[in-house]
Protein chains: 2
Amino acid sequence: MYEICTTCGKRSAASKFLSEVELENQANNCVELKFNKGDNIIRQGTLSSNVAFLKEGLVKLHMKGPLYEQITKITKAPSYLGLPTTFGDKINQYSVTAIEESIVCFIDMNVFKTFITNNPNFTYQLFIELCLNELTSFRRCVNRTQKQVSGSLAENLLYFANQIYESDEFTLPLSREEFGNLVDASRESVSRTLSDFQEDGIIKIDKKMIKILKKDKLEMISKNG
Amino acid sequence: MYEICTTCGKRSAASKFLSEVELENQANNCVELKFNKGDNIIRQGTLSSNVAFLKEGLVKLHMKGPLYEQITKITKAPSYLGLPTTFGDKINQYSVTAIEESIVCFIDMNVFKTFITNNPNFTYQLFIELCLNELTSFRRCVNRTQKQVSGSLAENLLYFANQIYESDEFTLPLSREEFGNLVDASRESVSRTLSDFQEDGIIKIDKKMIKILKKDKLEMISKNG
DNA sequence: GTATATTTGTGATCTAAATCACACCTCAAT
DNA sequence: ATTGAGGTGTGATTTAGATCACAAATATAC
């Protein structure tokens, strides 16, 4: 009883280039599923057989490291999920988990491949998006390794405010531990640093609610590491 | 007086899908340049106007971080250089520098774009390569942040031996400082750790010459962080 | 509601690696 | 050969952040 792709208002940028016929083809080879917070959408180590498109919601991409499960990225809808892991390897190289209630469309991979090999504009758009993603990963990786905890934490708070929620007040969708896995710090360091920020009047914390009070200061901390 | 693309034996995997006509078109819109060790091929912050293809040699990709210039990757020929930074942004988001004498073909971006929009097989191949690259970056980033210096160093020594030189004896193309920027450690830590490895009989060092003596041990150190 | 489990805050240690400091190489240029 | 400039090795010191430890707060189940 789900929306068909032709009339779906939450399509990907690339799919704007698909024809009516292609969209119908997609609609007939696609399943829409709802995931609750915490549900696994793609699991590292399993076969990747479908292209996943996040229609609504918020997810984390994460990968087993030698010590802990590292969160490589937070992605909000609309967005394809894990194209690299779907096309780069038969086996999923990372996991995707919902951190808020999410709706995902699973598109048959063969149908998706015919779009790629037949519709140059579609493919070009995907190509550009992949390039952008890789640039962002590079930047994130450099920052993550060079900044110290407060800088990385500030950067990620700003990311949630600016990119994800587009508001300076939001509910952090991660536990302190998970937030640590995103910024590469221990649970305790995250907790301490957030407390420090609050003491300095930079943010206001109430459990998972976070309100940014001095954005300029946070930006400075983020920038200077 | 350089080789024309149609007969070039060092073409990219993707270009195998180009027709004779397309290859001729490429040959007519392409410049081949030689770079010495240390020469800058792509500079972060400048406009990206050509697609760079590394025909011969070895390069490092590096990016300004808040503290130092981080080496994100070592790439050997044959390989496109910085497709993400060429297509993802008008301005180059990272630099590429030769670390051994290299030959690079600069292909006109508009010509390259016509391949992408007209030749689906070519584009699909590029797409797959981008996906693979992103998976590798993810893995590298996770390892880099979670492993400690000895683990990261071991990993990168193995990378040079297995992927770059395909030999257990090779000349490290980086200074200790640069090697540090690749593994996220200080010059001193790199030096110390290499000495430790030598003392344990795992490797033999003579200046920049490195010979791996106990590969299994190095693999263990790499794996266990 | 009470009980149990999970998440969180905060102080007290501990530690890997950065930084500092300095001597010694190596190599290029004069 | 002599000068100078990077590059390198190694000890001593410092430090950011991990880890340990435990209490308090929340969430979840019964």
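Note that the structure is a prediction, hence the values are computed from the model and not measured. The figures that follow rest on heavy atoms only: side chains count, while hydrogens, waters and symmetry mates do not. Numbered from 1 within each chain, the chains take letters A, B, ... in sequence-line order.
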Find the distance [X]:[atom1] to [N]:[atom2] and express it as a whole number of Å.
X	N	atom1	atom2	value
B:Glu199	D:dT10	CD	P	8 Å
A:Arg192	C:dG11	CZ	C1'	7 Å
A:Glu188	D:dA21	CD	C1'	10 Å
A:Asn181	C:dT8	CG	P	12 Å
B:Glu177	C:dT26	CD	P	19 Å
B:Asp196	C:dA16	CG	C1'	13 Å
A:Arg187	D:dG17	CZ	C1'	14 Å
B:Arg176	C:dT26	CZ	P	12 Å

| remark: Note: for A:Lys207 and A:Leu67 on DNA chain D, the residue whose nearest nucleotide lies more 5' is A:Leu67
Beyond-backbone contact of [X] with [Y], side-chain heavy atoms, under 4.5 angstrom:
X	Y	value
B:Lys223	B:Asn143	no
B:Ile42	B:Ser95	no
B:Lys55	B:Val104	no

Measuring from the side chain of [X] (C-beta onward, heavy atoms only), which nucleotide among [options] has the closest atom?
X	options	value
B:Ser191	C:dG11, D:dA18, D:dT10	D:dT10
B:Ser175	C:dT10, D:dG7, D:dA18	D:dG7
A:Gln148	D:dT10, C:dT8, D:dG17	D:dG17
B:Ala185	D:dT26, C:dA18, C:dT7	C:dA18

| Residues forming a ring-ring contact (aromatic ring centres under 6.0 Å, His included) with A:Phe35, sequence neighbours excluded | none
| task | Check whether any side-chain N or O of A:Ser189 sits under 4.0 Å from OP1 or OP2 of D:dA18, and answer yes or no. | result | yes
| Would one find a side-chain N or O of B:Lys208 under 4.0 angstrom from OP1 or OP2 of D:dT8? | yes
| Counting any heavy atom closer than 4.0 Å, what does B:Ser195 reach on the DNA or RNA strands: base, sugar-phosphate only, or nothing? | sugar-phosphate
| message | Under 4.0 Å, heavy atoms only, any strand: does A:Asp184 hit a base, just the sugar-phosphate, or nothing? | response | sugar-phosphate
| message | Taking side chain to side chain contact (heavy atoms under 4.5 Å, CB included) as the criterion, tell me which of B:Thr145, B:Ile221, B:Val183 meets it with B:Ser152. | response | B:Val183
